[in-house]
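If you're wondering where the values come from, they're calculated on a predicted model, not measured in any experiment. We're numbering straight along the sequence, starting at 1.
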Amino acid sequence: MSYSGKPVHAEGPPPEPGRMEPTHAERARTLVELGGNSTLATISAKHPGYPFGSIMPYAADADGCPLFLISSMAVHTRNLNSDGRATLLITQHAAGSPLGAGRVSLIGDVSKLEGEDQMQAAQSLYLAKHPESSQWLQYGDFSFYRLDVIDVYFVGGFGVMGWVRAEDYRAAGPDPLCHVATSVIEHMNSDHADAVRLLGERSLGVKLRGAQMTSLDRLGFHLRAETEQGAKGTRVTFPEPVASSDEVRRVLVQMVQQARANATEEREDQA
């Protein structure tokens, strides 16, 4: 496959029919919202043309553009004042191989925020994310900077990757369940293991030794199922999008009730 030197934007392979998933743009915005390990790559002023990496905390604004609070004495700040082009790499916190974790590269131009309104808005967002950083504001050499995203590259794990247009990234929003997904997953796996296994059986059409919910979003969830032939992943789609833990609970109860009714009907038909 030839490469023209320009980014090829893609959403990756289409999902299976009836098993819709969030777009790469939505998943990128969700990862940026949740945060993780973040590294800023700037263009070195001391060694022109070479990248310089720095650990860089951030907070995202309404467009998903990162905001930084940085000192004028830092090497990365001097680099940015010389050349504002930069990339922020954000990697999802995950156990196991880092290559299997989600990550996103935000490519763009970094500039210092000017004007009282801009700085106050940035300060409010940043301190909500990093309240311990309030101590740095008393020093006159710290300022707020913003990365204006011009392109995005998203990796969702092994075999899931693609470029995301900046306009699609800005238009998308974080998944509404992103801050409650972990607690819902833990609750389902620990307290409703039989229900999770049943939903996996209905999805795959085979008996399972067990199943665990591994991810959750507004459109559905992924399961790791233990079959007679070994582990297998599957996607279960909600009958309707959900936007809160209460809605997840309601829809899951309906799905489990329907799955049990269908299983009963099938047993009666076979009798």
Heavy-atom pair with the smallest gap, counting every atom of L88 and S38: CD1-CB, 4.2 Å
Would you compute the distance between atom NZ of K112 and atom CG of N81 and round it to the nearest 0.5 angstrom? 7.5 Å
Taking the side chain as everything from C-beta on, heavy atoms only, tell me whether E21 gets closer than 4.5 Å to H222. yes
Could you give me the CA-CA distance, side-chain angles and deciding distance for M255 and V236, then say whether side-chain contact (heavy atoms from CB on, under 4.5 Å) is met? CA-CA 10 Å; M255 293 173 70; V236 180; 3.5 Å; yes
Would you say I185 ends up clustered with V242 if hydrophobic residues are merged whenever their side chains have heavy atoms under 4.5 Å apart, either directly or through other cluster members? yes
If you define the side chain from C-beta out and look only at heavy atoms, does anything of V248 sit under 4.5 Å from L177? yes
Same cluster or not: are W136 and F144 linked, directly or through other Ile, Leu, Val, Met, Phe, Trp or Tyr residues, by side-chain heavy atoms under 4.5 angstrom apart? yes
Is it the case that over 12 heavy atoms from other parts of the model lie below 6.0 angstrom from the CZ atom of R224? no
With a 4.5 Å cut-off on side-chain heavy atoms, are H179 and L34 touching? yes
I'd like to know if the side chain of S124 reaches the main chain of A121, judged simply by a donor and an acceptor atom lying under 3.5 Å from each other, with no hydrogens or angles considered. no
What's the spacing between K46 NZ and R78 CZ if we round to 0.5 Å? 9.5 Å
To the nearest 0.5 Å, what is the distance between CG on L198 and NE2 on H192? 13.5 Å
Heavy-atom nearest pair, I150 first then G108, reads CG1-CA, 3.8 Å
With side chains defined as the heavy atoms from C-beta onward, is the minimum distance between Y153 and V155 less than 4.5 Å? yes
For the pair Y50 and H47, name the ring-plane relationship: parallel under 30°, tilted 30 to 60°, perpendicular over 60°. perpendicular
Looking only at heavy atoms, the pair that brings V152 and A28 closest together is CG1-CB, 4.3 Å
Report the C-alpha distance between E116 and Q120 in whole Å, list the side-chain angles of each, state the deciding distance to 0.1 Å, and finish with yes or no for side chain to side chain donor-acceptor pair (under 3.5 Å). CA-CA 6 Å; E116 190 65 24; Q120 286 297 325; 2.9 Å; yes
Should the pair H24 and F154 be assigned to parallel (<30°), tilted (30 to 60°) or perpendicular (>60°) ring geometry? tilted
Closest heavy-atom pair and its distance - A259, R202: CB-CG, 3.6 Å
Testing the basics here: between T234 and S203, what is the closest heavy-atom pair and its distance to 0.1 Å? OG1-OG, 2.8 Å
Would one find more than 12 heavy atoms of other residues, nucleotides or ligands at under 6.0 Å from atom CZ of R85? no
Using side-chain contact (heavy atoms from CB on, under 4.5 Å), reason through V160 and R27 one step at a time and then give a plain yes or no. CA-CA 11 Å; V160 181; R27 294 183 66 184; 3.7 Å; yes
Rounded distance (nearest 0.5 Å) linking atom CE of M188 with atom CG of L223: 9.0 Å
Say you draw a straight line from OG1 of T42 to CG of D83; how long is it, rounded to the nearest 0.5 Å? 9.0 Å
Side-chain H-bond candidate by donor/acceptor type, S71 with D141, under 3.5 Å: yes
Using modelled atom types only, decide if a donor and an acceptor are shared between the side chain of T30 and the backbone of E26 within a distance under 3.5 Å. yes
Salt bridge flag under 4.0 Å for residues R235 and D217: yes
CG (L204) and CG (L199) are apart, to the nearest 0.5 Å, by 11.0 Å
Can you give the donor-acceptor pairs under 3.5 Å from side chains of residues 53-69 to other protein atoms, not counting sequence neighbours?
| unit_1 | atom_1 | unit_2 | atom_2 | d |
| --- | --- | --- | --- | --- |
| S54 | OG | H76 | ND1 | 3.0 |
| Y58 | OH | V32 | O | 2.8 |
| D61 | OD1 | D63 | N | 2.9 |
| D61 | OD1 | G64 | N | 3.2 |
| D61 | OD1 | C65 | N | 2.9 |
| D61 | OD2 | R146 | NE | 2.8 |
| D61 | OD2 | R146 | NH2 | 3.2 |

Do L80 and I43 sit in one hydrophobic cluster, given that two such residues count as connected whenever their side-chain heavy atoms are within less than 4.5 Å of each other, even indirectly? no
For salt bridge (Lys or Arg N to Asp or Glu O under 4.0 Å), just list the numbers for D148 and R170, CA-CA rounded to whole Å, side-chain angles, deciding distance to a tenth of an Å, and then say yes or no. CA-CA 11 Å; D148 183 26; R170 293 172 188 269; 2.5 Å; yes
For the residue pair E186 and T182, establish whether any side-chain heavy-atom pair is separated by less than 4.5 Å. yes
Between L208 and A211 the two heavy atoms that sit nearest each other are CD1-CB, 4.2 Å
Do any N or O atoms from the side chain of T264 and from the backbone of R260 form a donor-acceptor pair under 3.5 angstrom? yes
Any non-hydrogen side-chain atom of L137 less than 4.5 Å from a side-chain atom of L127? yes
Parallel, tilted or perpendicular, judged at 30° and 60°: which one describes the rings of F238 and F221? tilted
ILVMFWY network linking L40 to Y169, side-chain heavy atoms under 4.5 angstrom: yes
I'd like to know if R197 and E201 make a salt bridge, using a cut-off of under 4.0 Å between side-chain N and carboxylate O. yes
Would you say F142 ends up clustered with I70 if hydrophobic residues are merged whenever their side chains have heavy atoms under 4.5 Å apart, either directly or through other cluster members? no
